[in-house]
Amino acid sequence: MARIFSGVQPTGNLHLGNYLGAIRNWVRLQTQYECIFCVVDMHAITVWQDPKELRASTREVAAAFIASGIDPKSCILFNQSQVSAHAELAWIFNCVARLGWLNRMTQFKEKAGKDRENASAGLYVYPNLMAADILAYKATHVPVGEDQKQHLELCRDIAQKFNHDYGTETFPVVEPLILGEATRVMSLRDGTRKMSKSEPSDMSRINLTDSADQIVQKIRKAKTDPEPLPDNAAGLEARPEAANLVNIYAALGDLSRDAVVAQFAGKTFSVFKDALSQLAIEKLNPIAERMRELMQDQGQIDAVLRDGAERANAIAQPILREVQDTVGFLRP
Ligand code: TYM
């Protein structure tokens, strides 16, 4: 049976990359698959989080899922720490994954930076927890942005090694679903860097909660080159900032890159940026407004997360038991 699992960290503002690379695709997939969507608070604390802010961000990310169109009745929506199977399975995977595999993870290298000795051990084994998130439900498909591809390859390696070592068919080999025209949204200030929550300059990203004015400002100031738009998509090669804005327009407008380039061929970037701002406001502002409404009623968000955790637990517990039996944990 096909089952989807995916998650977002509650670490500060959600941005256009999270929306176009992940959440928006989930909204479409929810009618085709059984879906489990998670606010991954245990992943968040791999780097320092203020407890009060973590609670607020957890609710805010849940609100963003719902405001974007995730239906918490047909999908399961919960926060990771409420389902203990994630932590329990992660420990088993800590003992399956090899150090050599983790040493290859580029995201650890980026996040730990130069001061690697001072990174948390949690940050290092983060991909094992991510594999546990997915495999605690035997999920088969994982919709993510391109930056998560390497972690999903590790998840496949863990599943295969577990199955091989114990001579079972316990875990499926998961398929990444990397969908749409904006699978890697880049910074508005530097087209060679990913749009990211951790980038110090807020001008580098469009947040889901940005006002219309902020969106206009950020897009107007977005870096471009002096050339007008080319007359075919091949003309965007070696123009990372231009390509990024075209990709964003295509994804937001549900168009192909080619269609966008055909529509704006030869136009200046100031014309294109005005159109992009309008489109971004039209698509994002209703989400921000709905998020604000939802955030007024914390009790309602908490109730959704509680209900989701119960339903998630009901799926994960029997799978965890099966794994524990396979491993040889005695249940006297
Ligand atoms: P996180 O919280 O960094 O990002 C959440 C989702 O947004 C996507 N994304 C992007 N997509 C396109 N362009 C960008 N600039 C961009 N930035 C972020 C990410 O690919 C992701 O899909 N490790 C994960 C969370 C996680 C997870 C999981 C995901 C934990 N367990 C299990 C899937 C399955 C992360 O840090 O995502």
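No experiment lies behind these values; they were computed from the predicted model shown. Each residue takes its place number in the sequence, starting with 1. Only heavy atoms go into these numbers, but all of them, side chains included; no hydrogens, no water, no symmetry mates. Ligands are counted one by one from 1 in listed order, and the atoms in each one are counted from 1 as well.
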Exercise for review: Tell me which protein heavy atom sits closest to atom 10 (C) of ligand 1, plus the residue, atom name and distance to 0.1 Å.
Suggested key: G17 O, 3.3 Å

Revision key, fill the gap. Atom 3 (O) of ligand 1: of Q9, Q107, R193, M130, the nearest heavy atom sits on Q9

Check your understanding: With no hydrogens and no angle check, is any side-chain donor or acceptor of D225 less than 3.5 Å from a backbone partner on E227?
Key -> yes

Point to revise | N25 side-chain N/O to R28 backbone N/O, donor-acceptor pair under 3.5 Å | key: no

Exercise for review: Could you find the nearest protein heavy atom to atom 31 (N) of ligand 1 and give me its residue, atom name and distance?
Suggested key: D133 OD2, 2.6 Å

**Study point:** Shortest protein contact, atom 20 (O) of ligand 1 (heavy atom only)
**Key:** D147 OD1, 2.4 Å

Check your understanding: Can you check whether S201's main-chain N or O pairs, donor with acceptor, with S204's side chain at less than 3.5 Å?
Key -> yes

Exercise for review: Look only at interatomic distance and state if M195 has a nitrogen or oxygen under 3.5 Å from any nitrogen or oxygen of ligand 1.
Suggested key: yes

Point to revise | Closest to atom 22 (O) of ligand 1 among G145, P143, G180 (heavy-atom distance) | key: G145

Revision key, fill the gap. Heavy-atom closest pair (G253 atom, L279 atom, distance to 0.1 Å) is N-CD2, 3.7 Å

Practice item. If you have a sec, work out which protein heavy atom is nearest atom 6 (C) of ligand 1 and how many Å separate them, to one decimal? Key: A22 CB, 3.7 Å

Review point. Does ligand 1 have an atom under 4.0 Å from some heavy atom of H15?
Key: yes

Check your understanding: Applying a 4.0 Å heavy-atom criterion (strictly less than), which segment of V8 is in contact with ligand 1: side chain, backbone, both, or neither?
Key -> both

Review point. Would you find a donor on one side and an acceptor on the other, under 3.5 Å apart, between the side chain of D41 and the backbone of N79?
Key: no

Check your understanding: Of all the non-hydrogen atoms in the protein, which one sits nearest to atom 36 (O) of ligand 1, and at what distance?
Key -> Y126 OH, 2.6 Å

Review point. Looking only at heavy atoms, is any part of V144 under 4.0 Å from ligand 1, and if so is it the side chain, the backbone, or both, or is it neither?
Key: both

Exercise for review: Please state whether the rings of F272 and F269 are parallel, tilted or perpendicular, taking 30° and 60° as the class boundaries.
Suggested key: perpendicular

Study note, to complete from the structure: Here the atoms of ligand 1 under 4.0 Å from any heavy atom belonging to I134 are 32 (C), 34 (C)

**Study point:** Ligand-residue contact atoms, ligand 1 with Q148, heavy atoms, under 4.0 Å
**Key:** 19 (C), 20 (O), 23 (N), 24 (C), 35 (C), 36 (O), 37 (O)

Revision key, fill the gap. re atom 15 (N) of ligand 1, the protein heavy-atom contact at minimum distance is V185 O, 2.8 Å

Review point. Can you tell which part of K197 has a heavy atom less than 4.0 Å from ligand 1: side chain, backbone, both or neither?
Key: side chain

Study note, to complete from the structure: Here the atoms of ligand 1 under 4.0 Å from any heavy atom belonging to G21 are 11 (N), 12 (C)

Review point. Counting only N and O atoms by type, is there a donor-acceptor contact under 3.5 Å from the side chain of E241 to the main-chain atoms of G191?
Key: yes

Exercise for review: Can you pull out the closest protein heavy atom to atom 25 (C) of ligand 1? Residue, atom name and distance to 0.1 Å, please.
Suggested key: G7 O, 3.6 Å

Check your understanding: Taking the six-membered ring where the residue is Trp, are the ring centres of Y126 and F108 under 6.0 Å apart?
Key -> no

Check your understanding: Are Y137 and H86 near enough that their ring centres are under 6.0 Å apart?
Key -> yes

Review point. Backbone N or O of D202 within a donor-acceptor pair of the R189 side chain at under 3.5 Å?
Key: no

Practice item. Would you check if the distance from the ring center of F37 to the ring center of F78 is below 6.0 Å? Key: no

Study note, to complete from the structure: In ligand 1, the atoms that come under 4.0 Å of a heavy atom of K194 are 15 (N)

Review point. Which residue supplies the protein heavy atom nearest to atom 7 (O) of ligand 1, what is that atom called, and how far is it?
Key: N18 ND2, 3.1 Å

**Study point:** Numbering as shown, the atoms of ligand 1 that approach T183 to under 4.0 Å (heavy-atom distance)
**Key:** 11 (N), 12 (C), 13 (N)

Exercise for review: Verify the ring-centre separation between F171 and F93: is it less than 6.0 angstrom?
Suggested key: yes

Point to revise | Centroid-centroid under 6.0 Å between H141 and F5 rings | key: no

Point to revise | ligand 1 contact on V142 by region, counting heavy-atom pairs under 4.0 Å | key: side chain

